Enquirer: 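Sharing a structure below in C-alpha cells format, with a few things to ask.
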There are 2 protein chains.
Amino acid sequence: MKIGELGRATGTSVETIRFYEAEGLLSAPARNAANYRVYELAHLERLSFIKRSRDLGFTLDQVRELLRLADDPGNSCAGVDVITARHVAEIDRKLADLNALRGELVRRLDSCQGPTIADCRIIEALSPKSAAE
Amino acid sequence: MKIGELGRATGTSVETIRFYEAEGLLSAPARNAANYRVYELAHLERLSFIKRSRDLGFTLDQVRELLRLADDPGNSCAGVDVITARHVAEIDRKLADLNALRGELVRRLDSCQGPTIADCRIIEALSPKSAAE
DNA sequence: ATGCACCCTGAAGTCACTATAGGGTCAAGC
DNA sequence: GCTTGACCCTATAGTGACTTCAGGGTGCAT
Ligand SMILES: [Zn+2]
Ligand SMILES: [Zn+2]
Ligand SMILES: [Zn+2]
Ligand SMILES: [Zn+2]
C-alpha cells in the first residue's frame with residue numbers, strides 16, 4: 001500500500017507518517033520505481049500501535065519504549081505497567097490543575113456583573129491591585 | 001528595578017521577561033549606562049497581569065487581547081467575558097478527554113495480571129489485533 | 001496535452017518558553 | 001589591583017509533535 005492508503009487506514013496524516021519514519025518509530029519501507037513508499041502489513045500494524053498509544057496520550061518517547069517492550073512477547077510486562085501507571089499519575093496532575101483553573105475562572109465569570117472593564121471581576125482578578133486577595 | 005528583581009517580584013524568569021519584550025507583550029524599558037534594562041512600576045503591574053493570565057491558562061494571544069481590553073476601563077467587559085467563557089469551554093473539553101483517557105488506562109491497568117507481554121492487557125489494548133474491541 | 005490527485009524532499013513554522021555560547025558590568029574581599 | 005561571583009547583554013538553537021510550505025515528479029483519465 002502507498003502512504004496515502006496507510007494514512008487513511010490508520011487515521012494518520014501522510015506528513016505524520018513521514019515524520020515517524022524520520023524519527024525512527026516506523027521503519028523505512030521499500031520504494032517502487034517512482035520512488036514511492038510501499039508499505040506492508042507489518043507497517044500497518046506498527047503504525048496502528050503508535051496511533052493508539054498516542055491517542056491514549058503517551059509521548060513519543062513512551063511509545064518508543066512500549067514498542068520495544070511489546071516486541072518481545074516473553075518479557076515481563078512490568079515495564080509496560082510502570083509506564084502506564086506513571087502516565088496515569090501525570091494525567092491526574094493535569095486533571096487537578098485544570099479543575100482548579102476551571103473553578104477559579106467560573107467563579108469569576110459568575111460574579112462578573114459588568115458592564116465596564118472598570119467593574120469586571122475577571123480583569124480585577126488579573127490586575128495586580130487585587131494581589132492581596 | 002533591574003530585570004532580576006522584576007523576575008523575583010513576579011515569579012517570572014529573566015529569559016521569559018526578555019521573551020515577552022521581544023513578543024511585544026511588555027514594552028521595552030529604559031536602559032542605564034551599562035545597557036541594563038531599568039523597569040518602572042508600570043512594568044511590574046503589566047507583567048503581573050500577564051503572569052496571572054498565564055497561570056490561569058490563557059494563551060499569549062488571549063493575554064494580548066485581555067491587555068488590550070483592560071487598557072480602557074470605560075469599555076464594556078463583554079469581550080473579556082467571552083474570552084474567558086471560551087477558555088472555560090476549552091478546559092472542559094480537555095477535562096473530558098483526560099478523564100476518558102484515564103478511565104481507559106486504569107481499566108487496563110487493573111485488569112492486567114501479567115506476567116508476560118503476551119498476556120499484558122495494556123499491550124493488548126494497543127495492538128491492532130484488538131482493534132475489533 | 002491537460003488536469004488532477006497523489007507522491008517526493010528539505011526547510012521552516014507552531015507555542016511558550018528554555019538553554020547555550022560568548023561576552024560585558026559591578027561590588028566585595030584578598 | 002585583581003579575582004571571584006552574581007548579575008546583565010545579544011543572538012541563536014532546542015523542546016515536542018507535529019504542520020505547512022516551496023518546488024518539484026508520477027500516474028491516470030479526459
Ligand atoms: Zn525511554
Ligand atoms: Zn466582566
Ligand atoms: Zn486575538
Ligand atoms: Zn501488563
Side-chain angles (χ1 to χ4, degrees), chain A residues 1-26 28-39 43 46-47 49-67 83 86-87 90-91 93-94 97-98 101, chain B residues 1-26 28-39 43 46-47 49-67 83 86-87 90-91 93-94 97-98 101:
Chain A
M1 69 196 321
K2 283 186 290 180
I3 198 168
E5 283 175 90
L6 179 62
R8 279 186 297 277
T10 56
T12 313
S13 82
V14 166
E15 290 81 13
T16 299
I17 296 173
R18 288 196 281 244
F19 168 75
Y20 286 161
E21 182 182 324
E23 287 293 296
L25 278 156
L26 200 58
R31 300 291 182 116
N32 69 11
N35 198 31
Y36 288 11
R37 290 170 177 83
V38 181
Y39 293 96
H43 289 105
R46 197 158 177 97
L47 182 55
F49 186 104
I50 296 170
K51 180 65 162 56
R52 284 157 171 276
S53 305
R54 290 290 300 130
D55 284 350
L56 284 171
F58 289 102
T59 65
L60 286 189
D61 244 26
Q62 289 172 325
V63 173
R64 252 181 273 271
E65 194 76 1
L66 289 172
L67 281 166
I83 292 176
R86 222 174 269 152
H87 183 34
E90 265 166 50
I91 290 176
R93 247 180 292 123
K94 278 188 198 163
D97 283 357
L98 282 178
L101 287 193
Chain B
M1 69 196 320
K2 284 188 290 181
I3 196 167
E5 283 176 88
L6 180 62
R8 280 188 295 279
T10 56
T12 314
S13 82
V14 166
E15 291 79 14
T16 299
I17 295 173
R18 288 197 281 246
F19 169 74
Y20 286 162
E21 182 182 324
E23 288 293 296
L25 277 156
L26 200 57
R31 301 292 182 113
N32 69 11
N35 197 31
Y36 289 12
R37 290 170 178 84
V38 181
Y39 292 97
H43 289 106
R46 198 162 175 94
L47 182 55
F49 186 104
I50 296 170
K51 179 66 161 55
R52 284 156 172 276
S53 304
R54 288 290 301 131
D55 283 350
L56 284 170
F58 289 101
T59 66
L60 286 189
D61 245 26
Q62 289 171 323
V63 175
R64 251 181 273 272
E65 194 76 2
L66 289 172
L67 282 167
I83 291 176
R86 221 175 268 152
H87 183 34
E90 264 166 52
I91 290 177
R93 244 179 295 126
K94 278 188 198 161
D97 283 357
L98 282 177
L101 288 193

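Numbers restart at 1 for each chain; the letters A, B, ... are given by sequence-line order, proteins then strands. On a predicted model such as this, the values are computed, not experimentally measured, just so you know.
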Enquirer: Round to a whole Å and report the spacing from CG of B:L56 to P of C:dA16.
Expert: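 Spelled out: CG on B:L56 to P on C:dA16 is 15 Å.
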Enquirer: Rounding to a whole Å, what distance do you find between B:L47:CG and C:dA16:P?
Expert: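 In whole Å, C:dA16 P lies 16 Å from B:L47 CG.
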Enquirer: Between A:Q62 and A:E65, is the side chain to side chain contact (heavy atoms under 4.5 Å, CB included) condition met? List the steps.
Expert: CA-CA 5 Å; A:Q62 289 172 325; A:E65 194 76 1; 5.5 Å; no
Enquirer: Does B:T16 put a side-chain nitrogen or oxygen below 4.0 Å from OP1 or OP2 of C:dT18?
Expert: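 Yes.
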Enquirer: Roughly how many Å is it from CG in B:L25 to C1' in C:dC15, rounded to a whole number?
Expert: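 About 13 Å, once rounded to whole Å.
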Enquirer: Between B:R64 and B:D61, is the closest basic N to carboxylate O distance under 4.0 Å?
Expert: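 B:R64 and B:D61: salt-bridged.
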Enquirer: If you compare every side-chain N and O of A:R8 against the phosphate oxygens of C:dA5 (OP1, OP2), does one of them come in below 4.0 Å?
Expert: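 For C:dA5, neither OP1 nor OP2 has a side-chain N or O of A:R8 closer than 4.0 Å.
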Enquirer: Identify, between B:V38 and A:T59, the residue whose nearest nucleotide on DNA chain D lies closer to the 5' end.
Expert: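 Nearest-nucleotide comparison on DNA chain D picks B:V38.
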Enquirer: Report the distance from atom CD1 of B:I17 to atom C1' of C:dA16, rounded to the nearest whole Å.
Expert: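 Going from B:I17 (CD1) to C:dA16 (C1'), I get 15 Å.
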Enquirer: Ignoring the backbone of B:S13, work out which of C:dT18, C:dA16, C:dC7 is nearest its side chain.
Expert: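 Taking heavy atoms from C-beta onward, the closest nucleotide is C:dT18.
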Enquirer: Out of curiosity, A:K94 NZ to B:K94 NZ, how far, rounded to the nearest 0.5 Å?
Expert: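 So the gap between those two atoms works out to 9.0 Å.
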Enquirer: Measuring to OP1 and OP2 of C:dA16, would you say a side-chain N or O of B:Y20 lies under 4.0 angstrom away?
Expert: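 Checking C:dA16 against B:Y20, no side-chain N or O comes under 4.0 Å of OP1 or OP2.
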Enquirer: Would you indicate, yes or no, if D:dC18 has its OP1 or OP2 atom less than 4.0 angstrom from a side-chain nitrogen or oxygen of A:R18?
Expert: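 A:R18 to D:dC18 OP1/OP2: no side-chain N or O under 4.0 Å.
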Enquirer: Whole angstroms only, please: what is the CZ-C1' distance between A:F19 and D:dT20?
Expert: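 It works out to 14 Å between those atoms.
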Enquirer: Taking only N and O in the side chain of A:R37, is any of them less than 4.0 Å away from OP1 or OP2 of C:dC7?
Expert: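 No.
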Enquirer: Please tell me which of the listed nucleotides, C:dA19, C:dC17, C:dC8, lies nearest to the side chain of A:Y36?
Expert: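 In terms of side-chain proximity for A:Y36, the closest of C:dA19, C:dC17, C:dC8 is C:dC8.
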Enquirer: Rounded to the nearest angstrom, tell me the gap between atom CG in B:L60 and atom C1' in C:dT14.
Expert: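 Those two atoms, CG and C1', are 13 Å apart.
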Enquirer: Kindly point out which of C:dA16, C:dC7, D:dA17 is positioned nearest to the side chain of A:V14?
Expert: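 Closest nucleotide to the A:V14 side chain: C:dC7.
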Enquirer: Atom CZ of A:R54 and atom C1' of D:dG16: how far apart are they, to the nearest Å?
Expert: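 After rounding, the gap between these two atoms is 9 Å.
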Enquirer: Would you say the side chain of B:V63 lies within less than 4.5 Å of the side chain of B:Y20, judging by non-hydrogen atoms?
Expert: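 A side-chain contact under 4.5 Å is absent here.
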Enquirer: Would you call A:D97-A:R93 a salt bridge at under 4.0 Å N-O?
Expert: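 Salt bridge absent between A:D97 and A:R93.
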Enquirer: In terms of side-chain heavy atoms of A:R31, which of C:dC8, D:dT10, C:dC17 is nearest?
Expert: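 Given the options C:dC8, D:dT10, C:dC17, the side chain of A:R31 is closest to C:dC8.
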Enquirer: Nearest to the side chain of A:E15 - D:dT19, D:dC9, C:dT18?
Expert: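 The nucleotide sitting nearest to the side chain is D:dT19.
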Enquirer: Can you measure B:E23 atom CD to C:dC15 atom C1' for me and round it to whole angstrom units?
Expert: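 It works out to 9 Å between those atoms.
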Enquirer: State which of D:dT26, D:dC9, D:dC18 makes the closest approach to the side chain of A:A34.
Expert: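 The answer is D:dT26.
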